[in-house]
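Given the structure is predicted, the values throughout are model-derived calculations rather than measurements. Hydrogens, waters and symmetry mates are skipped; everything else that's a heavy atom, side chains included, is used. Residues take their numbers from the sequence shown, with the count starting at 1.
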Amino acid sequence: MVREIDENELSELLNLYLYLHEKSVPEMTEYLKAAWETIIKDKNHHIIVNEVDNKIVSSCVCVTIPNLTRNVRPYALIENVVTLEDYRGRGYATECLNYAKEIAEKANCYKMMLLTGSKENTTLKLYRNAGYNSSDKTAFIQWLE
């Protein structure tokens, strides 16, 4: 079942993020709790999860960003697309991305963007099959310490 995350599911989400690039689950500090509260209260910040047998197996983040161009239409940014290893290849991430697209369309976004560091064909195929392309724009990243 694809849905937005519940406030009490932070620990399960942080464990899922171990399948992204995290080395360990962060300590439950006041800083982390404050960040979580900010995210949960932000009407433009959506953490989408796919639940199978009462377990979160896949997730992505969709943030809609107000904009002053394109007839004052917002755009959406997709981040942190992840699926538990044993559940990959079953369409769970695609369902999360489709849910994100519904959120973006309801917000009247004119585009959705995502970046991936993966060069894996299966990952790139996932994004292409979900409607994303890598030919329209060039992405640049500046990492900050």
> Taking all non-hydrogen atoms of both residues into account, name the closest pair between M112 and I78 and its distance.
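Shortest heavy-atom separation between M112 and I78 comes out as CE-CD1, 3.5 Å.
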
> Other residues, nucleotides and ligands only: do more than 12 of their heavy atoms fall within 6.0 Å of CD1 on I141?
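Check passes, neighbour count above 12.
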
> Within the distance-only criterion (no hydrogens, no angle test), does the side chain of H46 pair as donor or acceptor with the backbone N or O of K43 below 3.5 angstrom?
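The answer is yes, because a donor-acceptor pair under 3.5 Å joins these two groups.
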
> Please report the shortest heavy-atom distance between D6 and W36, naming the atom on each side.
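Closest heavy-atom pair between D6 and W36: O-CZ2, 3.9 Å.
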
> Are N67 and V72 side-chain neighbours, meaning at least one heavy-atom pair lies under 4.5 Å?
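The answer is no, as the side chains (C-beta and beyond) never meet within the 4.5 Å cut-off.
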
> Does atom NZ of K55 have more than 12 heavy-atom neighbours, drawn from other residues, nucleotides or ligands, at distances under 6.0 Å?
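Atom NZ in K55 is not packed in, count stays at 12 or less.
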
> Do N44 side-chain atoms and I65 backbone N/O form a donor-acceptor pair below 3.5 Å?
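Here the side-chain-to-backbone pair does not exist.
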
> Got more than 12 heavy atoms from elsewhere within 6.0 Å of CD, E4?
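Count over threshold, so yes.
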
> With a 4.0 Å cut-off, would you call K33 and E37 a salt bridge?
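So K33 does not pair with E37 through a salt bridge.
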
> Does the distance from a Lys or Arg side-chain N to an Asp or Glu carboxylate O, for R3 and E95, drop under 4.0 Å?
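Salt bridge absent between R3 and E95.
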
> Is the backbone N or O of V82 less than 3.5 Å from a side-chain atom of S58, with the two atoms forming a donor-acceptor pair by type?
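Checked: pair present.
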
> Just wondering, more than 12 heavy atoms not from R70 lying within 6.0 Å of its CZ?
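Open: at most 12 neighbouring heavy atoms sit under 6.0 Å from CZ of R70.
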
> Given 3.5 Å as the limit, does a donor-acceptor pair link the side chain of N108 with the main chain of R73, or not?
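Answer holds: no.
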
> As a test of understanding, state which of I48, I47, N50 forms a side-chain contact (heavy atoms from CB on, under 4.5 Å) with C60.
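With C60 as partner, I48, I47, N50 yield a single side-chain contact (heavy atoms from CB on, under 4.5 Å), made by I48.
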
> Does L14 offer a backbone N or O that forms a donor-acceptor pair with the side chain of E22 under 3.5 Å?
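Checking the backbone N and O of L14 against the side chain of E22, no donor-acceptor pair under 3.5 Å is found.
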
> So do the side chains of S59 and N80 get within less than 4.5 Å of each other, counting heavy atoms only?
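No, every pair of side-chain atoms sits at 4.5 Å or beyond.
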
> Please name the pair of heavy atoms, one in K119 and one in L124, separated by the smallest distance, quoted to 0.1 Å.
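It is O-CD1, 3.9 Å.
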
> Might you confirm whether atom CG of N8 has over 12 heavy atoms from other residues, nucleotides or ligands at distances under 6.0 Å?
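Count over threshold, so yes.
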
> Cationic tip of R90 within the cone over Y92's six-membered ring, i.e. under 6.0 Å and within 45° of the normal?
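No; the conditions do not both hold, so R90 does not lie above the ring face of Y92.
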
> State whether the side chain of N133 and the backbone N or O of D136 hold a donor-acceptor pair below 3.5 Å, judged by distance alone.
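Answer holds: yes.
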
> Count I, L, V, M, F, W, Y as connected when their side-chain heavy atoms are under 4.5 Å apart, and connections chain through other members. Are L20 and V49 then in the same cluster?
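They do share one cluster, since a chain of ILVMFWY contacts under 4.5 Å joins L20 to V49.
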
